[in-house]
**Q** 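Quick one: the structure is below, questions incoming.
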Amino acid sequence: MLNKEKVKLGIAPIAWTNDDLPDLGKENTFEQCVSEMALAGFTGSEVGNKYPKDPEVLKKALELRGVEICNAWFSTFLISKPYEETEAEFEKHVAFLATMGAKVVGVSEQSYSTQGIQDQPVFEGKHEMDDREWDLLCTGLNRLGKLSKEKYGVALTFHHHMGTVVQSAAETDRMMEHTDPEYVSLLFDSGHFAYCGENPVEMVTKHIKRIKHVHLKDIRPEVVKQVREEKMSFLAGVRAGAFTIPGDGCVEFEPIFKVLEDAAYEGYMVVEAEQDPAKANPLEYAIRARKFIAEKTGL
């Protein structure tokens, strides 16, 4: 069983309100979101656009519910903009996370990303980096990770993601190989590896020593097949229900949990399952996810 003292469970607000598709869950308030997270039995949350920007206001709202901030997404543009532009925004972001008590920041390289383009098929048109761009990415990540760790005590975890320059197993491997383990860790996302046809169990096994944050995400294979065949965009796939909670799709979580357990993983495991809340009631799905994790891990 995973260690209850060392492994915490969180859930992302994207099930309640989707920052990339603002009409999904527009009726759901911040207060409802964090109250239902707590009601479902989660103690950690990532940050959504509806969350108060003032740390004191946010802390008070979360403390009332026994919830803490464990991570927040950050978009880097290391291969398409001057490094200094990314660093300036990154430092503000990490300073906020440190104030909130978070121990990791989830970074995704968004240069040339297709994930937010409504009419771009997600399985086509992905940017492939050349050697110069790979060097810019890995060097930039090392610099950001050093700043984050040494100045704020926050670990940089890199989020591989559909539609971005680091999506596949090979791309993830190359990014890991050419970054410093001291400053760059992996945000392992079961759903994104499964979505692009990779084996999540192989990837968690290969990179377990450098995983510092986990997204528990499942996929509905029939919807992913539809996305591929009908040339749908990433966001159209979200609307159609490509993602779901652990245990509701085709990802095998028991071997993933076993790898984490055997490696004495410490940190957060976060349920991140963006769906249309009008079709998938967020509280109902959060409770189902919490029950599944309890059954499989003892947490």
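All heavy atoms count here, side chains included; hydrogens, waters and symmetry mates do not.
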**Q** For residues 198-210, which residue pairs pass the salt bridge (Lys or Arg N to Asp or Glu O under 4.0 Å) check, not counting sequence neighbours?
**A**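 As it turns out, the salt bridge (Lys or Arg N to Asp or Glu O under 4.0 Å) pairs with a partner in residues 198-210, which skip direct neighbours, are Asp173-Lys206.
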**Q** Would you call Glu171 and Arg174 a salt bridge, using N to O less than 4.0 angstrom?
**A**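 The answer is no: the pair does not qualify as a salt bridge.
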**Q** Quick one: side chains of residues 116-125, donor-acceptor pairs under 3.5 Å with protein atoms, not counting sequence neighbours, listed by atom name and distance.
**A**
unit_1 : atom_1 : unit_2 : atom_2 : d
Gln120 : NE2    : Glu124 : O      : 2.7
Glu124 : OE2    : Lys231 : NZ     : 2.6

**Q** Looking only at heavy atoms, what is the nearest atom pair of Lys50 and Lys26, with distance?
**A**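 For Lys50 versus Lys26, the nearest heavy atoms are NZ-O, 3.0 Å.
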**Q** For Lys212, look at atom NZ and say whether over 12 heavy atoms of other residues, nucleotides or ligands are found less than 6.0 Å away.
**A**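 For Lys212, atom NZ is not crowded (no more than 12 foreign heavy atoms under 6.0 Å).
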**Q** Is Lys296 positioned over the aromatic face of Phe257, cation under 6.0 angstrom from the ring centre and no more than 45 degrees off axis?
**A**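 Because its charged atom misses either the 6.0 Å distance or the 45° angle limit, Lys296 does not stack over Phe257.
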**Q** Between Arg220 and Gln275, does any side-chain donor sit less than 3.5 Å from a side-chain acceptor?
**A**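 Result is yes, a qualifying pair exists.
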**Q** Step by step, work out the ring pair (Phe, Tyr, Trp, His ring centres under 6.0 Å) result for Phe193 and His160.
**A** CA-CA 8 Å; Phe193 278 135; His160 57 96; 3.6 Å; yes
**Q** Ignoring hydrogens and angles, state whether a donor on the side chain of Gln32 or Trp16 is under 3.5 Å from an acceptor on the partner side chain.
**A**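 Per modelled atom types, Gln32 and Trp16 side chains form no pair under 3.5 Å.
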**Q** Would you check if there is a donor-acceptor pair between the side chains of Tyr83 and Glu87 at a distance under 3.5 Å?
**A**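 Result is yes, a qualifying pair exists.
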**Q** Taking the six-membered ring for Trp and the full ring for Phe, Tyr or His, determine whether the centres of His161 and Trp73 are under 6.0 Å apart.
**A**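 Close enough - the centres of the two rings lie under 6.0 Å apart.
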**Q** Of the non-hydrogen atoms in Thr17 and Gly25, which two are nearest, and what is the gap between them?
**A**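 Thr17 and Gly25 have their closest heavy atoms at CG2-O, 3.0 Å.
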**Q** Does a side chain donor of either Glu46 or His213 reach within less than 3.5 Å of an acceptor in the other side chain?
**A**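 Checked: Glu46/His213 side chains pair up, N/O donor to acceptor below 3.5 Å.
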**Q** I'd like to know whether NZ of Lys103 has more than 12 heavy-atom contacts from other residues, nucleotides or ligands below 6.0 angstrom.
**A**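 Not more than 12 within 6.0 Å, no.
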**Q** Do Val214 and Leu216 come close enough that some side-chain heavy atom pair is under 4.5 Å?
**A**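 Counting from C-beta outward, Val214 and Leu216 do come under 4.5 Å.
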**Q** Would the His192 and His159 ring centres measure less than 6.0 Å apart?
**A**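 Close enough - the centres of the two rings lie under 6.0 Å apart.
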**Q** Can you name the closest pair of heavy atoms from Thr43 and Tyr268 and give their distance?
**A**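 Closest pair (atom of Thr43, atom of Tyr268, distance): O-OH, 3.6 Å.
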**Q** Can you tell me which residue among Arg65, Glu68, Met37, Met100 is in a side chain to side chain contact (heavy atoms under 4.5 Å, CB included) with Ser45?
**A**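 Of Arg65, Glu68, Met37, Met100, side chain to side chain contact (heavy atoms under 4.5 Å, CB included) with Ser45 is met by Met37 alone.
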**Q** Under 3.5 Å, is there a donor-acceptor pair between the Gln167 and Tyr195 side chains?
**A**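 No donor-acceptor contact under 3.5 Å links the two side chains.
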**Q** Decide, yes or no, whether a salt bridge links Glu274 with Arg239 under the criterion of side-chain N to carboxylate O below 4.0 Å.
**A**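 No, Glu274 and Arg239 are not salt-bridged.
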